[in-house]
Asks: 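Input: one structure, supplied below.
Reckoned from all heavy atoms, side chains included, excluding hydrogens, waters and symmetry mates.
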Amino acid sequence: MDFYKRASIVCQNIPYGTVVTYGQIALLCQKPKNSRQVGYALRTGKLGPNIPAHRILNASGILSGATSFETYDQQKILLESEGVTVIRTDKGWKTDLKKYQWKTTLDDALYFESVFKQNNI
DNA sequence: CGCAGGGCTCTAT
DNA sequence: GATAGAGCCCTGC
């Protein structure tokens, strides 16, 4: 199986106006322990182009990857353009996970699982 | 082959 | 919350 391809598919299915955590991505790829690898993959572009990386945050709702965007506030701007409120904290940009986190269900997990199986990844 | 480090998380205190 | 410690997994040197 190819973790990067899986992560890529999952990322491209993140609904408009929602955010997810690295851990969720890893979970949907059937690799709960790979949260850190997700961040790595995003930073190095291993997931390919057209990845809405701005919708991916750490477990605290903080835009930990903001520094990897063109400008420090690029990620914030993209999120706000989708209707996600981003606030400034001493830790960095932050969103309200309670409101905007993509709530994945078992059905979602099963759906991705079948897609992975179909594409043999 | 070892080692450090990276957009992380979870549990415990 | 804040802090600390321990996993986990890849890549690059």
Asks: Show me, pair by pair, the donor-acceptor contacts under 3.5 angstrom made by side chains of residues 91-99 of chain A, not counting sequence neighbours?
Replies:
residue: W93(A); atom: NE1; partner: Y72(A); partner atom: O; Å: 3.4
residue: T95(A); atom: OG1; partner: G61(A); partner atom: O; Å: 3.3
residue: D96(A); atom: OD1; partner: K98(A); partner atom: N; Å: 3.0

Asks: One thing to verify: whether K76(A) and E80(A) come together as a salt bridge, which I'm taking to mean a side-chain N less than 4.0 angstrom from a carboxylate O.
Replies: yes
Asks: For S81(A), enumerate each residue passing the side-chain hydrogen bond (donor to acceptor under 3.5 Å, both in side chains) test, keeping only those at least two apart in sequence or located in another chain.
Replies: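 S81(A) satisfies side-chain hydrogen bond (donor to acceptor under 3.5 Å, both in side chains) with no other residue.
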Asks: Quick check: does any side chain N or O of Q24(A) sit under 3.5 Å from a backbone N or O of W102(A), one acting as donor and the other as acceptor?
Replies: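 Flag set: sc Q24(A) to bb W102(A) pair under 3.5 Å.
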Asks: Applying side-chain hydrogen bond (donor to acceptor under 3.5 Å, both in side chains), name anything that partners S114(A), two or more places apart in sequence or on another chain.
Replies: none
Asks: Can you tell me how far the CG atom of D108(A) sits from the CG atom of L28(A), to the nearest 0.5 Å?
Replies: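 Between D108(A) CG and L28(A) CG, I get 7.0 Å after rounding to 0.5 Å.
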Asks: Check the side chains of Y4(A) and Q37(A) for a donor-acceptor pair under 3.5 angstrom, ignoring hydrogens and angles.
Replies: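 Per modelled atom types, Q37(A) and Y4(A) side chains form a pair under 3.5 Å.
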Asks: Using a 4.0 Å heavy-atom cut-off across all strands, classify T21(A) as base, sugar-phosphate, or nothing.
Replies: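 T21(A): backbone/sugar contact only, no base atoms under 4.0 Å.
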Asks: Can you sort out which residues in residues 53-73 of chain A have a heavy atom within less than 4.0 Å of DNA chain B? Ascending by number, please.
Replies: A53(A), I56(A), L57(A), N58(A), A59(A), S64(A), G65(A), S68(A)
Asks: Does either side chain, that of D107(A) or that of T105(A), offer a donor lying less than 3.5 Å from an acceptor on the other one?
Replies: no
Asks: Heavy atoms only: give me the nearest P52(A)-C11(A) pair and the separation to one decimal.
Replies: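 Of all heavy-atom pairs spanning P52(A) and C11(A), the closest is CG-O, 3.3 Å.
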Asks: Can you build the contact string for nucleotides 3-10 of chain C? Use B for base contact, S for sugar-phosphate-only contact, and - for no protein heavy atom under 4.0 Å.
Replies: ----BBSS
Asks: Let's test your reading of the pairing rules: Watson-Crick or G-U wobble, both distances under 3.5 Å, then write DNA chain C as a dot-bracket string with ( ), [ ], | and dots.
Replies: .||||||.|||||
Asks: Give a yes-or-no answer on whether the side chains of H54(A) and E82(A) include a donor-acceptor pair shorter than 3.5 Å.
Replies: yes
